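Working notes for the structure below.
The shown structure was predicted, so the numbers you read here are calculated from the model rather than taken from an experiment.
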Amino acid sequence: MAERDPRNRTGRRPLLRGLAAAVLAAGMLVASSGQGHGTGAATPAPGAEFTPLTAAVLTKPTPFVATDGQTHISYELLTTSSLPSSTPLRLDRVDVRDARTHQVVGSLSGQALADAANPVGDPLPGADGYTPAPPGPTPTVIQGSQQWIIWLDLILDRGQRVPKVLEHQLSGAVLPPSGPSAAFEETVQATRIARTPPLNLSPPVRPGTWYSSESCCGNTHHRRGLAPINGRFYVPQRFAIDWYRVGEQGQTWEGDPARLTSYLSYRQPVVASAGGRVVEVRDGLPDQTPPVTPPTPPIEDTVGNHVTVEVAPGRYLLYAHLTPGSLRVREGDRVEPGQVLGLIGNSGNSATPHLHFQVMTTAEPFPTDSPPFTFRHFHVVGHVEPRIWDDNLGLQPTGVLPITPSPHDGRHRARYPLDREVLEF
């Protein structure tokens, strides 16, 4: 892609020629350059312009290295149309650039953009876990006054420098009710990259073969779980992983899938991934009966019986869906890496026994932010190509995962396991 003139960073010429006319035609009030409320003429800030989209990010992006050996930066861009409801716009391209050099580090357009964007409040396509997500409609048309979220998952080339600050260039066209469309181009939301590296952890389970489900960075309910909490949007489980024990034949359950004891994960020990202080313990919630998805619980019961451990300032580890009566720690206890905290269960919002594990920025699961993390060492032994979600593992004809060789098979150190990988700790 040709480098753009950095002096035209906000697309001023297309906006002045096209957008201003379009918004005027749509009935928007555009301030004149006449007298202000003070004693002089109102003067806009240098570079000020009307923009059809506003944008905000929901987290401070943290780079991490995954099992593909590449650096990932995964976060969200929340966009809002400033146009009246009668005036849609077409979003053609999103370029994420290094704010210093203005070089593009990631782009979305066409079908890729359609698959990575959706209106706020719309159900996540494919989120029932039983059918793959259908392709998003192209072109991407945002209705006036509508809010959309764009799920950004940047992958940097090996050896590529991680920018200190990102900026987002949005381009497309305003589609007024009458008259021609008006092209726009705007640069929004300069975003500083986090300097704190991801926590590098020991495994949260005992040695063996485990399936990492719902991890980053595809269309999973963890990665794309937008939650309105206390008047704000969060993605509280962005990098959470659901862990399932896998047997020698690739099985996750044997016998009757309606019995908790049929699942190899059930009552497996959960161990501390790092030393720290226990700050929250919840026990007493019953295990759900598999494999039917339980009714949506109150927010305080969502993660079921759980243990939260503070391991660093502003960093907490959550071990969730534990079986009742199995928790072996109390609030205030100090724990060491490898210490047993409890046993895997099926409590809270869980259909089949598994361990929900993640890093949080607060002691409470909601609201919180979900930063990435890595594990010190593990072996990838395969992956599962079709989408199999934790909600329907027990509804499969058998409990055997269709494991195939992974391009990332082998030994890994300080890496984040990608979605649907099968690995050995």
Side-chain angles (χ1 to χ4, degrees), residues 59 61-76 116 124 126-127 129 132-133 151-155 198-205 208-226 235-246 252 265 270 273 303 317-321 344 349-360 365 368-393 401-404 406-409 412-425:
T59 189
T62 300
F64 63 98
V65 181
T67 46
D68 57 7
Q70 295 177 293
T71 298
H72 295 241
I73 308 175
S74 298
Y75 63 106
E76 306 79 34
L124 180 64
W151 306 94
L152 295 169
D153 294 302
L154 309 178
I155 302 177
L199 292 176
N200 194 25
L201 303 169
S202 298
V205 289
T209 304
W210 294 85
Y211 175 48
S212 83
S213 176
E214 303 293 329
S215 55
C216 195
C217 295
N219 183 7
T220 73
H221 77 263
H222 286 162
R223 172 66 189 97
R224 297 196 178 186
L226 182 66
V235 183
Q237 299 179 348
R238 182 183 297 107
F239 293 103
I241 299 178
D242 288 342
W243 293 102
Y244 296 86
R245 187 74 161 86
V246 180
T252 58
S265 301
V270 174
S273 286
V303 298
L317 304 186
L318 173 66
Y319 308 82
H321 302 310
I344 293 177
N349 189 20
S350 178
T352 58
H354 68 282
L355 171 67
H356 173 105
F357 176 79
Q358 69 175 98
V359 177
M360 305 186 300
T368 193
D369 196 27
S370 175
F373 54 91
T374 58
F375 290 115
R376 290 191 175 92
H377 51 81
F378 57 90
H379 280 76
V380 172
V381 296
H383 70 159
V384 176
E385 184 61 34
R387 159 55 56 204
I388 296 182
W389 291 46
D390 58 348
D391 286 353
N392 72 347
L393 276 178
L401 294 173
I403 301 172
T404 58
S406 166
H408 315 310
D409 282 355
H412 294 270
R413 290 184 178 275
R415 297 289 188 265
Y416 174 87
L418 292 171
D419 186 36
R420 290 174 284 149
E421 290 187 322
V422 181
L423 52 90
E424 292 179 349
F425 283 124

Rounded distance [0.5 Å steps], CG in D419 versus SG in C217
9.0 Å
Would a distance-only check, ignoring hydrogens and angles, find a side-chain to backbone donor-acceptor pair under 3.5 Å from Y319 to S273?
yes
When rounded to the nearest 0.5 angstrom, what distance separates OG in S370 from CD in Q358?
4.5 Å
Between S74 and R223, is any side-chain donor less than 3.5 angstrom from a side-chain acceptor?
no
Do the rings of H356 and H321 sit parallel, tilted or perpendicular, given the 30° and 60° boundaries?
perpendicular
Taking the side chain as every heavy atom from C-beta outward, state whether T374 and L199 have any pair of such atoms under 4.5 Å apart.
no
Would you find a donor on one side and an acceptor on the other, under 3.5 Å apart, between the side chain of T59 and the backbone of P61?
no
When you measure from the side chain of S406 to the backbone of G382, do you find a donor-acceptor pair of N or O atoms at a distance under 3.5 Å?
no
Side-chain contact, heavy-atom cut-off 4.5 Å: R238 with D369?
yes
Between H222 and C216, is there a side-chain heavy-atom distance shorter than 4.5 Å?
no
Evaluate the side-chain proximity of I241 to P417: yes if any heavy-atom separation is below 4.5 Å, no if none is.
yes
Does the separation of the ring centres of F64 and F373 fall below 6.0 angstrom?
no
Would you check, one step at a time, whether the test side chain to side chain contact (heavy atoms under 4.5 Å, CB included) holds for S215 with Y416?
CA-CA 9 Å; S215 55; Y416 174 87; 3.3 Å; yes
So, D68 and R415, do they make that salt bridge, N to O below 4.0 Å?
no
Looking at H383 versus H408, is the centre-to-centre ring distance below 6.0 Å?
no
Minimum-distance pair of heavy atoms, taken over all atoms of V235 and W151
CG2-CZ3, 4.0 Å
Is there a donor-acceptor contact under 3.5 Å from the side chain of D242 to the main chain of E214?
no
With sequence neighbours left out, what residues match R420 under salt bridge (charged side-chain N to carboxylate O under 4.0 Å, His left out)?
none
Counting N and O atoms only, with roles assigned by atom type, does the side chain of S212 sit under 3.5 Å from a partner on the main chain of L418, one being a donor and the other an acceptor?
yes
Verify the distance criterion only: is there a donor paired with an acceptor across the side chains of T67 and E421 at less than 3.5 Å?
yes
Considering all heavy atoms of both residues, which atom of P353 and which atom of S265 are nearest to each other, and what is their separation?
O-CB, 3.5 Å
Go through the steps to decide whether R224 and E76 satisfy the test salt bridge (charged side-chain N to carboxylate O under 4.0 Å, His left out), and finish with yes or no.
CA-CA 9 Å; R224 297 196 178 186; E76 306 79 34; over 6 Å; no
Determine whether the aromatic ring centres of F425 and W243 lie less than 6.0 Å apart.
yes
Give me the one residue out of I155, T62, L154, D153 that meets side chain to side chain contact (heavy atoms under 4.5 Å, CB included) with I73.
L154
Is the shortest side-chain heavy-atom distance between R245 and W210 below 4.5 Å?
yes
With a 4.5 Å heavy-atom cut-off, do H379 and L423 have their side chains touching?
no
Any non-hydrogen side-chain atom of I403 less than 4.5 Å from a side-chain atom of V384?
yes
What I'd like to find out is whether the side chain of P371 reaches to under 4.5 Å of the side chain of F239, using heavy atoms alone.
no
V246 vs L401, side chain to side chain contact (heavy atoms under 4.5 Å, CB included): CA-CA, chis, key distance, verdict:
CA-CA 8 Å; V246 180; L401 294 173; 4.0 Å; yes
T71: which residues meet the side-chain hydrogen bond (donor to acceptor under 3.5 Å, both in side chains) condition with it, sequence neighbours left out?
none
Audit row: F357, L318, side chain to side chain contact (heavy atoms under 4.5 Å, CB included) steps and yes/no
CA-CA 6 Å; F357 176 79; L318 173 66; over 6 Å; no
